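Notes to accompany the following structure.
The structure presented is a predicted model; accordingly, all values stated were derived computationally and were not measured. Throughout, numbering of the chain's residues begins at 1 and tracks the sequence. Only this structure's heavy atoms are used, side chains among them; waters, hydrogens and symmetry mates stay out.
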Amino acid sequence: MSTPAITPVLVRLKLSLLRNGLRQSGGRKAAYITSAVCALLFAALQLIGLIALRGHAHAESVAVLAVAVLGLGWAVMPLFFPSGDETLDPTRLVMLPLRPRPLVRALLAASLVGIGPVFTLCLLVGSVVAVARGGAAFAVGAVAVVLALLVCVAFARAVAVANVRLLTSRKGRDLAVLSGLVIAIGAQIVNFGAQRLGTSGLGELDPAAEVLGWVPPASAIGAVHAVSEGSYGLALARLALTAGALVALLAFWSRHLTRLMTAPDGSTLPSAESAARERSSTGLGRLLPAGRAGTVMERSLRYVWRDPKTKAAWVTSLAIGLIVPVFNAWQGTGSVYFACFAAGMLGILMYNQFGQDTSAFWMVAMTISSTRDAYVELRARAYALLLITLPYATLVTVLTTAMLGDWRRLPEALGLSFALLGAMLATGAWTSARFPYSIPQEGYKNVAPGQTGLAWISIFGGMMAAALLCAPVIALTIWLNVSADGDDWRSLLLPAGTAYGAALAAAGLKLAAPRTARRLPEILAAVSKG
């Protein structure tokens with residue numbers, strides 16, 4: 001008796017999952033339809049744009065880079081969006097009598113159902129049309145499209161199955177929070193890249209395209225261009241490289257799938273040795289002051305390292321605070337004052353200090369019985385932030401100044417950065433007590449439903465207030481720059497800005513402490529919502 005094929009079954013299963021998911025609620029259906037329309041519209045625009053590049057001298061570079069970025073997107077998609085496709089988790093099928101190889105074929109076919117594969121197909125077809133010239137090139141292009149599409153899908157599946165134990169755990173799902181970092185940094189890189197291309201032209205892409213033309217799945221598009229140029233040996237090598245990558249990914253996928261479906265899961269069981277090491281680790285506490293201040297600082301720093309959303313906020317702020325001034329300086333269009341961006345990005349982390357505690361804030365609230373307790377709590381949280389922010393802001397400012405070679409402005413840039421940081425610590429402490437809001441621990445939202453207005457008031461209102469508080473230092477800096485005798489006094493901006501920022505921070509903490517002590521029940525209710 002022959003075994004029935006499971007490929008049609010899993011394809012129908014994928015279609016049923018999509019259909020049943022849309023039936024859950026009208027909001028989910030509207031969101032899916034909207035995202036599908038936007039994705040397909042963008043795919044159509046890319047297809048038209050690539051076709052319009054046909055005959056352009058640098059069409060191959062654009063097409064190869066586009067497919068390389070597409071392949072990278074497929075590789076990281078399971079890490080940042082593990083819940084986007086239920087069939088990415090093969091452990092759901094572990095109790096069924098299925099062999100790995102037929103299961104790999106069936107899952108590969110099921111992976112071709114969805115918006116992502118259609119989007120990928122449009123971009124691949126457009127890339128082939130952009131670089132192909134002649135019947136032979138289009139014939140090879142048809143093979144290249146199939147191979148590149150399968151490589152993308154197999155890449156995503158291989159990454160997913162290799163990390164499925166992590167991705168289906170709570171900590172693994174929290175990894176998706178870091179997708180905001182990828183988007184933020186990627187947007188900055190795209191922005192600077194577009195500026196550079198606008199001034200230098202598409203020829204800047206040629207060196208990168210020559211290298212990526214040998215990296216699957218972009219090598220498939222390189223093979224089509226090679227056929228158009230009459231280099232059939234080169235085309236065969238690149239096409240064989242793409243096919244070899246597909247075979248290797250399928251073998252990797254099959255091997256890990258076999259291990260996943262036959263080996264027990266011990267990934268979430270820490271060893272006794274590691275647990276004991278964790279309990280005995282007191283190195284951080286030894287470096288901090290004794291008493292409540294040190295305890296609060298250690299707790300805040302552990303949030304930065306352990307809490308996924310707090311970590312994502314810190315890493316994003318650190319990355320963007322460095323990228324903006326350094327990239328502008330690298331392009332020769334920046335200013336040393338752009339270094340204040342680092343202090344500003346990290347200063348935002350002082351806002352909504354109690355919201356990051358979520359419902360656990362009740363344990364903190366139990367230890368606050370007076371204005372003095374509230375002041376020590378806020379001051380220690382500010383100290384924890386300064387422990388990272390002060391050396392980081394100094395480093396970014398010095399690096400930006402070195403790249404621009406404008407050393408005479410270093411003292412005033414540092415003075416402005418420290419004044420801005422002090423102002424944001426002051427307004428952040430006050431808004432944390434006046435406009436607290438909850439940060440959901442699950443999902444991708446950073447504000448609980450119904451509290452968006454509070455978040456806007458807290459962050460943007462506090463930032464505007466910080467800018468106004470920094471007005472005296474900004475005015476002094478401008479006056480010294482336009483004054484004839486200003487060069488002799490610029491060095492004083494560093495101690496003046498530092499002292500002014502410290503005074504602002506101290507005053508803000510003093511003003512926020514009594515409000516925090518009085519509003520503990522309201523703060524607890526706000527941060528525990530959602």
Side-chain angles (χ1 to χ4, degrees), residues 1-24 28-29 31-33 35-36 39-40 43 70-71 73-122 124 145-169 172-173 176 216-217 242-243 245-265:
M1 181 178 178
S2 61
T3 304
I6 63 171
T7 299
V9 176
L10 285 186
V11 171
R12 289 196 300 269
L13 174 62
K14 179 67 175 289
L15 293 172
S16 298
L17 287 171
L18 291 174
R19 182 173 61 252
N20 294 335
L22 295 178
R23 290 176 178 174
Q24 290 183 5
R28 180 166 180 170
K29 180 184 294 186
Y32 182 85
I33 294 175
S35 61
L40 294 177
L70 181 70
W74 274 94
V76 302
M77 179 185 65
L79 297 177
F80 292 123
F81 302 98
S83 60
D85 183 359
E86 292 86 347
T87 61
L88 282 174
D89 183 8
T91 57
R92 299 171 184 264
L93 309 174
V94 87
M95 299 302 294
L96 300 177
L98 301 173
R99 294 185 178 275
R101 288 188 179 180
L103 184 58
V104 164
R105 290 195 297 268
L107 289 174
L108 185 64
S111 301
L112 298 175
V113 177
I115 301 174
V118 174
F119 178 90
T120 303
L121 182 62
C122 291
L124 291 173
V145 167
V146 175
L147 283 177
L149 178 60
L150 292 178
V151 165
C152 288
V153 174
F155 208 167
R157 287 289 183 174
V159 171
V161 77
N163 297 277
V164 70
R165 297 296 191 193
L166 170 67
L167 298 178
T168 53
S169 66
R173 289 193 297 270
T242 309
L246 176 60
V247 172
L249 286 171
L250 292 176
F252 178 87
W253 181 9
S254 178
R255 183 171 63 254
H256 277 267
L257 187 63
T258 302
R259 183 185 307 167
L260 177 70
M261 301 185 77
T262 57
D265 179 18

Kindly indicate whether the side chain of [X], heavy atoms from C-beta on, has any atom under 4.5 Å from the side chain of [Y].
{"X": "V151", "Y": "W74", "result": "no"}
{"X": "L124", "Y": "V146", "result": "no"}
{"X": "V9", "Y": "R12", "result": "yes"}

Spatial distance of atom [atom1] ([X]) from atom [atom2] ([Y]) [nearest 0.5 Å]:
{"X": "L250", "Y": "R105", "atom1": "CG", "atom2": "CZ", "answer": "10.5 Å"}
{"X": "W253", "Y": "F155", "atom1": "CH2", "atom2": "CZ", "answer": "13.5 Å"}
{"X": "L13", "Y": "L107", "atom1": "CG", "atom2": "CG", "answer": "9.5 Å"}

Closest heavy-atom contact between A39 and F119?
O-CD1, 3.6 Å
Which atoms form the tightest heavy-atom contact between I115 and A36, and what is the distance?
CD1-CB, 3.3 Å
Among V11, T120, V118, V153, whose side chain to side chain contact (heavy atoms under 4.5 Å, CB included) with L112 holds?
V153
Assess whether side-chain contact (heavy atoms from CB on, under 4.5 Å) is satisfied between T7 and L108, documenting all intermediate values.
CA-CA 9 Å; T7 299; L108 185 64; over 6 Å; no
Check: S254 main-chain N/O paired with T258 side-chain donor or acceptor under 3.5 Å:
yes
